[in-house]
Amino acid sequence: MKFGTAGIPFNAKDTLDGIRKVKEMGLDAMELEFVYGVNLKEEKAIEAKKVSRKEKITLTAHAPYFINLNSNEKAKLEASKNRIFKAAKVAHLAGAIGVVFHPGFYMKEDKEKVYLKIKENLKEILQKMKRNDIDIMLRPEVMGKQTQFGTVEELLKLSSELDNVMPCIDFAHWHARTKKYNSYDEFSEVLSLVEKHLGKNGLKKMHMHVSGINYGDKGEKNHLNLKESDFNYKELLKALADFKADGIIINESPNNGMVGGDAQLLKKEWKKLALM
Ligand SMILES: [Zn+2]
């Protein structure tokens, strides 16, 4: 299992320095945060690939937040598709293995219809990526608010129906959205579903977000540090170990890029399990 930060560590100057700092922190991965726009120039992305290979740091990316693949406005829909495409293009140049994105909103529409529309739009993006030789996994994320498309079931179905799509399971979001899924048995239930839809390969190539979270009636409010939240990360790690799950855990806690922050805490806890 690889552990990494969302974005560059606090004391890093830029992406390249970030990769080196992540290495110094004893971590294994870093998620390039394109959340307010794809801000990494193509030349820099190519350099990032070289540095990450040298330092043996796995890169992933997070596409811009402003995406709604269920928009009824043509301009917004096109812009959404272009943002995912551009994130995938630059992330691929950087040697990243996956691009996480927030798929869209239900807009009070029928959920089945929304599913089909998002699937069609995703297909178009995948086809454009293929034409441009952009070989990278698209990772729609489990979302934390009930108005957002992206339940575990929806994303597993999408992933089983489309090539080059696998979910980003954000366990904090899922807990905030459902007010459940915060115990060993409930985490095991999610992992059984992954296996049911995607097989052992699904369990071996997981991309997860694990952080503390604050939530209310409508779901997610904001991320918290693990120890200041109610999230049972130890039970999650135990369930992952028992399912022999593998892949990447990216931490999005406010302290994730700090020395002694949650990205390191999760890795430390995981190592303890391996010794048991
Ligand atoms: Zn996200």
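As the structure lists them, so they are numbered: ligands from 1, and atoms in each ligand from 1.
Aromatic rings from H223 and H209 are positioned such that their centres are separated by 6.0 Å or more.
Within the structure, the salt bridge (charged side-chain N to carboxylate O under 4.0 Å, His left out) test picks out the following pairs touching residues 145-170 (sequence neighbours left out): K119-E161, K157-E161. Sorted by first then second residue, the salt bridge (charged side-chain N to carboxylate O under 4.0 Å, His left out) pairs that include residues 78-91, not counting sequence neighbours, are E42-K89, K74-E78, E78-K81, K81-E124.
When all heavy atoms of M137 and N164 are compared, the closest pair comes out as SD-C, 3.3 Å.
Using the six-membered ring where Trp is involved, Y181 and W174 have ring planes that are tilted, between 30° and 60° apart.
For Y65, the ring pair (Phe, Tyr, Trp, His ring centres under 6.0 Å) partners at least two apart in sequence or on another chain are Y36, H62, H102.
Protein N/O/S atoms closer to the Zn ion (ligand 1) than 2.8 Å number 4 in this structure.
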